Amino acid sequence: MHDDPILDGLNEAQRDAVTHEGSPLLVVAGAGSGKTRVITRRIAWRIRAGLLPWRTLAITFTNKAAGEMRERVASLVGDSRVWLSTFHALGARFLRMEADAFGVDPNFTIFDAQDQATLLREILKQQGLGGREHRPRDYAAAISSLKNLGELPPEEETGDRELDVYRAYERALEESRALDFDDLLCRTVRGLEADDALRDRLAGRFDTVLIDEYQDTNRIQYRLVRLLVDGHRDVCATGDPDQSIYRWRGADVRNILDFERDFPGTRVVKLEENYRSTNGILKAASVLIAHNTQRVERELWSRLGDGEPIRIAAASTEGDEARQVVQGVERAIADGYGPHEIAVFYRTNASSRAIEQALRDRNLPYVIVGAVEFYERREVKDLLAYLRLLVNPRDVLDLQRVVNVPSRGIGTKSFAALRSHAEATGRPVREVVFDADAIPGLRPAGRRAIRGFAELLEDLLAMPTSPVRPILERVIERIGYRRYLQDADDPLTDERLENVDELVRALHEYDLATPDGSLERFLAETALVRSREADADDEPRITLMTLHAAKGLEYPVVFVTSLEEGILPHSRSMDSDDAIEEERRLLYVGMTRAQRRLSLSYARSRGGYGGSFGGVSIPSRFLTELPEALIEGRLPGRRSLEVVDDSAWFEPEAYDDAPPFEPGDRVIHDRFGVGRVVRLSGFGPTAKVTVDFLEVGQKKLILEYAALRKALGGVE
DNA sequence: GTTTTTGCACTTTTT
DNA sequence: GTGCAAAAAC
């Protein structure tokens, strides 16, 4: 019917969303309803109709999503000049383009959460708040919300602890010519709101704006959208209120709920056919999410049939849970799924450890999304700090990080002298290094050390800013960084050395891809990126990530772990109904990532902090909210929430331990004789094993009751 | 003064 | 098991 490749394979609603023109458009897109497809096709459609690619702006939630969309748009349109970025990257780009108008240094450094914490720790100490009860992260959170409310720091000391820390923090950022994540948005918005000409120059660059994951935008982002769009009102937002999982970060679902009111004349298109999951998975997820009271009722449906039942696995400990999951992974592989088609989700980053261990024990390849990402590793940060220092001479934190790595005899005292001299003279810290003789209060040894460091800097600064790789290589060579890592008594040495190589490779790739690049631009583009895809080998890997990181992705086989009260829902989210509903959405997001096979698991006791903290867990209330008809394995009792005596949750040992067999094992049964295990299915008390017996043929047995013993003799 | 070692407190989720 | 801060060793 439709020969048009842009509309090919789209349903009616999707086609509507792709082709609508003339008024604001809101696409309410349920999980798996082909939202990304709609956005990319819409961009293609509009460009074919005459819209200029470089006057098109698409905003995504993560850099990863931006990258993926860039590829898809490029292959669809054959043009990669569409502006595709996150809100933060867009802010950073605007700020650098018009640094003067915004009143920022064009070479500003971006401080990540770690940098922020380091800085705040120092400030807290200065203000006499060094005790452990004052946690840098708490202040960071408080400052973040002040910034997002548009509150500027006070001019004078106020006596209010929080405000004074905020004030000192801002001054320190300014001193280092640094901005934090919130600044990227707040300063952009403040600048655009205050200066109409500036607003015309920047917002006026775009004829159309698309925003993905609109349910997770916060108030500042909303204001930025208004600024970008009010000139033409050619705006398209997509999102799903049921997948709003960033309320804790200031995301405001009202943005999407109020879209029609904010943009009168909005056309709303709802995408409700799910192309991703089996109906079983979808129904279970729908039943779960229906427990949320603050919700517009909506039903997703799929043509894919009920599929396999959802499996629920009970384990006795965290390690046991991990082993069961890995067993499920192996079973999936035996059933023909590739490792890259399998994902394991967990609530907190710390939970990855047990799964990793279990995967390593079975020699299965995996990759972790999130956790300590590439650009957050110590060795990578060290080297990048050297590079950043070459670009931004005022970055105190970078100098501090680098000045004594490797140890060259410039400790805290020497650095303090250097720093106060810089402050006293108003000169950039980096420049003061060259004036070792003029710094008061240095001992001869320290002075000599600083002179040596100055020589190093001089040598590095003499290099051209492009290509980039030789600069890094010179840094590594001059400071003897590889030797330094090798000599350290650190179990991670090999990994760190690999990361150093990987960083060199990244710079090399940048040089190849960007002939007109420079160190400044490389750092600017890298600042907001956390991960680096290790493209060294393309071995398919099992993916591990937090539930938050899973949004927008899909996998044929999905494991969601740690469904326990206190973890999912998290204990810090249990005091309000709103927070519980957000946790429920989080599980909903996790479940709806699964295309064909979904498994949920929990452990009856979980040790925190390396096993020291023992406690019995109660299975998550969310498990009891699932429809029993779609489940294989036993749902924890419906009375679970009223059970006070935790010991009620201890079950017979037999079934929670990892089944002792794998497909292929030879076994002996008292009645049926010798046989070979064909497959294992299910978890917990209903786990079944199919055995091909020599004499009686295939039998399906319940693992717990089948008196099976492993036979000697191995595989045929 | 600087470097290394030990002891302590802590883990939600991310741009 | 980790990361940070105070204590001990260089």
Side-chain angles (χ1 to χ4, degrees), chain A residues 59-66 85-92 110-114 116-118 121 125 130-133 135-137 140-141 144 148 179-185 213 216-218 220-221 244-251 345-354 356-357 369-373 375-376 378 404-417 441-446 449 488-489 491-492 527-531 545-551 562 566-574 579 582-583 585-586 589-590 606-613:
Chain A
I59 300 173
T60 58
F61 194 68
T62 62
N63 292 298
K64 193 175 174 186
S85 77
T86 63
F87 276 105
H88 290 87
L90 182 72
I110 297 171
F111 276 10
D112 63 16
Q114 260 180 63
Q116 223 179 347
T118 309
R121 206 179 337 269
K125 212 185 294 171
R132 272 182 297 280
E133 66 275 23
R135 296 201 315 227
R137 304 267 166 183
S144 175
N148 281 305
L179 301 180
D180 63 21
F181 284 125
D182 295 313
D183 287 331
L184 298 177
L185 300 177
E213 308 282 11
D216 281 326
T217 52
N218 63 25
I220 288 282
Q221 288 165 336
S244 154
I245 54 176
Y246 284 94
R247 213 181 48 117
W248 54 274
R249 199 175 88 178
F345 303 149
Y346 34 80
R347 177 65 233 268
T348 70
N349 279 306
S351 309
S352 69
R353 201 171 309 283
E356 277 184 83
Q357 184 62 53
V369 178
V372 187
E373 286 276 18
Y375 286 102
E376 287 160 16
R378 186 166 62 79
N404 211 24
V405 173
S407 312
R408 50 172 77 87
I410 310 176
T412 41
K413 294 281 171 173
S414 302
F415 181 74
L442 274 181
R443 294 157 22 103
D489 178 26
L492 295 166
L528 293 169
V529 180
R530 289 178 76 202
S531 62
M545 69 184 101
T546 63
L547 285 162
H548 283 89
K551 194 172 63 160
S562 60
I567 309 282
L568 187 63
H570 197 273
S571 52
R572 301 220 179 174
S573 301
M574 302 231 273
E582 177 143 318
E583 296 285 305
R585 289 193 293 269
L586 196 54
V589 166
R606 189 172 293 269
Y609 321 125
S612 55
F613 155 114

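For the numbers below, each heavy atom of this structure counts, side chains included, while hydrogens, waters and symmetry mates do not. Proteins get letters first, then strands, A, B, ... in listed order; numbering begins at 1 in each. On a predicted model such as this, the values are computed, not experimentally measured, just so you know.
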Over how many whole Å does the gap from [X] atom [atom1] to [N] atom [atom2] extend?
X	N	atom1	atom2	answer
A/Arg137	C/dC4	CZ	P	9 Å
A/Ile110	B/dT14	CD1	C1'	15 Å
A/Asn349	B/dC10	CG	P	19 Å
A/Asn404	B/dT4	CG	P	10 Å
A/Arg121	C/dG3	CZ	C1'	9 Å
A/Lys64	B/dT14	NZ	P	12 Å
A/Gln357	C/dT2	CD	P	11 Å
A/Ile220	B/dT14	CD1	C1'	17 Å

Which is true for [X] with a 4.0 Å heavy-atom rule: it touches a base, it touches only sugar-phosphate, or it touches nothing?
X	result
A/Ser414	sugar-phosphate
A/Gly446	nothing
A/Tyr246	sugar-phosphate

Hey, does [Y] have a side-chain heavy atom less than 4.5 Å from the side chain of [X]?
X	Y	value
A/Leu568	A/Tyr346	no
A/Ile59	A/Thr217	no
A/Ile110	A/His88	no

[options]: which one has an atom nearest the side-chain heavy atoms of [X]?
X	options	answer
A/Arg443	B/dT13, B/dG1, B/dT11	B/dG1
A/Ser407	B/dT2, B/dT15, B/dT3	B/dT3
A/His548	C/dT2, C/dA5, B/dT14	B/dT14
A/Arg353	C/dT2, B/dT15, B/dC10	C/dT2
A/Trp248	C/dC4, B/dT14, B/dT15	B/dT14
A/Thr546	B/dC10, B/dT13, B/dT15	B/dT13

- request: Please state the P separation for the pair C/dC4 and B/dT13 - nearest whole angstrom.
  value: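 After rounding to an integer number of Å, I get 16 Å for this pair.
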
Counting only Watson-Crick pairs (N1-N3 plus N6-O4 or O6-N4) and G-U wobbles (N1-O2, O6-N3), all under 3.5 Å, who is the partner of [N]?
N	value
C/dC10	B/dG1
B/dT13	none
B/dG7	C/dC4

query: B/dT15 phosphate, OP1 or OP2: any side-chain N/O from A/Asn218 under 4.0 angstrom?
result: no

query: Does A/Arg606 place a side-chain N or O at less than 4.0 Å from the phosphate oxygens OP1/OP2 of B/dT11?
result: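 Result: no.
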
Earlier contact from the 5' end, DNA chain B, for A/Asn63 and A/Ile410: A/Ile410

Nearest-nucleotide 5' precedence on DNA chain B, A/His570 against A/Gln116: A/His570

message: I'd like to know if A/Glu582 pairs up with A/Arg585 as an ion pair, taking the criterion as any Lys NZ or Arg NE/NH1/NH2 lying under 4.0 Å from an Asp or Glu carboxylate oxygen.
response: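 A salt bridge links A/Glu582 with A/Arg585.
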
query: How are the rings of A/Phe61 and A/Tyr246 set relative to one another: parallel (under 30°), tilted (30 to 60°) or perpendicular (over 60°)?
result: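 Rings of A/Phe61 and A/Tyr246: tilted, as their planes differ by 30° to 60°.
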
query: Considering all heavy atoms of both residues, which atom of A/Ser85 and which atom of A/Ala66 are nearest to each other, and what is their separation?
result: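 Distance-wise, the nearest heavy atoms are CA-CB, 4.2 Å.
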
